[in-house]
Peer 1: 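What follows is a structure written as structure tokens; I'll ask about it next.
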2 protein chains.
Amino acid sequence: MSTAVAKRKRTGEPAGEVLAHPPREELELAAVLHALSDPVRLLIVEGLAGGEERSCKSFDLPVVKSTCTHHFRVLRDAGVIRQRLDGTTKMSALRRDDLEHRFPGLLDAVLGARHH
Amino acid sequence: MSTAVAKRKRTGEPAGEVLAHPPREELELAAVLHALSDPVRLLIVEGLAGGEERSCKSFDLPVVKSTCTHHFRVLRDAGVIRQRLDGTTKMSALRRDDLEHRFPGLLDAVLGARHH
DNA sequence: GAAGAAGTTCGATGACTGTCGAACACGTTA
DNA sequence: TAACGTGTTCGACAGTCATCGAACTTCTTC
């Protein structure tokens with residue numbers, strides 16, 4: 001065996017560490033607002049508002065798989081969500097605490113907006 | 001005389017009416033977030049946070065005039081600001097009440113964010 | 001009137017975006 | 001080991017975006 005997973009098992013590296021997440025101090029307002037300014041990504045964020053982790057596949061998004069990958073990555077790069085590998089699936093969760101610390105009230109305002 | 005201003009004087013049409021502004025019920029979250037997701041436009045919004053009207057020229061923005069026109073129009077089309085003609089200058093102001101009604105807490109969260 | 005001031009319009013440009021489909025990688029399960 | 005499920009990578013594509021400079025419009029002022 002010489003896969004990435006096998007290597008992590010040998011070295012004891014946590015699986016989640018392979019995914020890059022910006023630290024909370026480096027979250028940028030413009031980047032977060034941009035990440036939240038797409039309808040599909042707003043659906044994702046609202047789906048995570050409950051606080052529980054969810055797999056990408058558990059969302060019923062109006063786009064194909066590869067586009068989902070794109071949107072989840074935009075959210076992760078902006079620091080809106082945190083992703084963790086779990087077998088073949090990737091679990092995502094909102095970074096509520098980090099967002100609240102950096103931009104107090106922002107996420108609640110977005111989630112509380114009356115749509116349409 | 002056959003200018004637009006002369007025509008408005010003849011017909012009694014208010015000068016401010018020539019600028020299109022979306023009504024408060026039609027403000028869209030994604031559009032507002034997108035309008036706020038640009039650094040130059042964030043500068044404009046912060047400059048209007050005091051509540052007073054300001055001319056475009058009173059801002060010291062790091063872009064040329066025509067680009068300013070673009071950014072102010074994006075903000076106006078999204079419903080973030082209201083613009084009014086006053087002679088050769090165009091006065092801009094935040095639509096605080098409308099934004100607060102439609103997306104409670106959003107503008108305060110954006111304005112209160114700790115930058116950099 | 002002529003000159004100046006404040007914005008707009010237009011075209012161009014380079015960068016980025018959202019979308020898809022096909023092929024691939026990896027872990028799980030039969 | 002083979003098949004399946006979940007997600008990624010890659011290339012392509014059409015559309016949008018931020019930016020600039022030059023020419024223009026409109027109002028004010030001298």
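Each chain gets a letter, A, B and so on, in the order the sequences are listed, and its residues count up from 1. Hydrogens, waters and symmetry mates are skipped; everything else that's a heavy atom, side chains included, is used.
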Peer 1: Both B:Met91 and A:Lys65 contact DNA chain C. Which one's nearest nucleotide lies toward the 5' end?
Peer 2: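 By nearest-heavy-atom nucleotide position, the 5'-most residue is B:Met91.
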Peer 1: Under 3.5 Å, is there an N or O donor on one side and an acceptor on the other linking the side chain of A:Lys90 and the base of D:dG7?
Peer 2: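 Per atom types, no contact qualifies.
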Peer 1: Mind calculating the distance between CG (B:Leu36) and P (D:dC17) to the nearest angstrom?
Peer 2: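 Going from B:Leu36 (CG) to D:dC17 (P), I get 14 Å.
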Peer 1: In whole angstroms, how far is the C1' atom of C:dT17 from the CZ atom of A:Arg73?
Peer 2: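 After rounding, the reported distance stands at 11 Å.
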Peer 1: Mind calculating the distance between CZ (A:Phe59) and P (D:dT6) to the nearest angstrom?
Peer 2: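 Computing the A:Phe59:CZ to D:dT6:P distance gives 15 Å.
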Peer 1: So does B:Ser66 reach the base of D:dG21 with its side chain, donor to acceptor, closer than 3.5 Å?
Peer 2: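 Result: at least one qualifying N/O pair found.
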Peer 1: Can you tell me the distance, in whole Å, between the CZ atom of A:Arg41 and the P atom of C:dT19?
Peer 2: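 Atom-to-atom, A:Arg41 to C:dT19, this comes out as 8 Å.
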Peer 1: For the side chain of B:Arg102 and the backbone of B:Glu28, is there at least one donor-acceptor N/O pair under 3.5 Å apart?
Peer 2: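 No: the side chain of B:Arg102 does not pair with the backbone of B:Glu28.
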Peer 1: In whole Å, I'd like the distance from the CG atom of B:Leu61 to the P atom of C:dG7.
Peer 2: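 Taking atom P of C:dG7 as the reference, CG of B:Leu61 is at 11 Å.
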Peer 1: What integer distance in Å separates A:Asp60:CG from D:dT6:C1'?
Peer 2: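 That distance rounds to 16 Å.
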Peer 1: Between P on D:dT16 and NE2 on A:His34, what's the gap in Å once rounded to a whole number?
Peer 2: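 In whole Å, D:dT16 P and A:His34 NE2 are 14 Å from each other.
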Peer 1: If you look at every strand shown and take non-hydrogen atoms under 4.0 Å, does B:Thr89 touch a base, only sugar-phosphate, or nothing?
Peer 2: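 Answer is sugar-phosphate: B:Thr89 comes under 4.0 Å of backbone atoms only.
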Peer 1: Using the salt bridge (charged side-chain N to carboxylate O under 4.0 Å, His left out) rule, pick out the option among B:Lys90, B:Arg82, B:Arg84 that qualifies with B:Glu53.
Peer 2: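 Going through the options one by one, the only one that passes is B:Arg84.
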Peer 1: Report the distance from atom CG of B:Asp38 to atom P of D:dA18, rounded to the nearest whole Å.
Peer 2: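 One finds 5 Å between P of D:dA18 and CG of B:Asp38, rounded.
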Peer 1: OP1 or OP2 of C:dT19 versus the side-chain N and O atoms of A:His71: is any pair under 4.0 Å?
Peer 2: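 It does, given that an N or O in the side chain of A:His71 lies less than 4.0 Å from OP1 or OP2 of C:dT19.
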Peer 1: Which nucleotide sits closest to the side chain of A:Cys56: C:dG18, D:dG7, D:dT6?
Peer 2: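 Nearest to the side chain of A:Cys56 among the choices is D:dG7.
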Peer 1: Do the side chains of B:Val110 and B:Leu42 get nearer than 4.5 Å, heavy atoms only?
Peer 2: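 B:Leu42 vs B:Val110: side chains touch.
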Peer 1: Hey, quick one: are A:Val74 and A:Leu33 part of the same hydrophobic cluster, counting side-chain heavy atoms closer than 4.5 Å, chains of contacts allowed?
Peer 2: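 Per the 4.5 Å side-chain linkage, A:Val74 and A:Leu33 are not co-clustered.
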Peer 1: Tell me which of B:Thr88 and A:Val74 sits closer to the 5' end of DNA chain C, going by the nucleotide each one is nearest to.
Peer 2: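 Closest to the 5' end, via its nearest nucleotide, is B:Thr88.
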Peer 1: When all nucleic acid strands are considered with a 4.0 Å heavy-atom cut-off, which category describes A:Thr69: base, sugar-phosphate, or nothing?
Peer 2: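 Since a base atom lies under 4.0 Å of A:Thr69, the category is base.
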Peer 1: Should B:His101 and B:Glu25 count as side-chain neighbours, where that means a heavy-atom distance under 4.5 Å?
Peer 2: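 The answer is no; the side chains never approach within 4.5 Å.
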Peer 1: Determine the contact category for B:Lys57: base if any of its heavy atoms lies under 4.0 Å from a base atom, sugar-phosphate if only primed atoms, P, OP1 or OP2 are that close, otherwise nothing.
Peer 2: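 Sugar-phosphate, no base atom in range.
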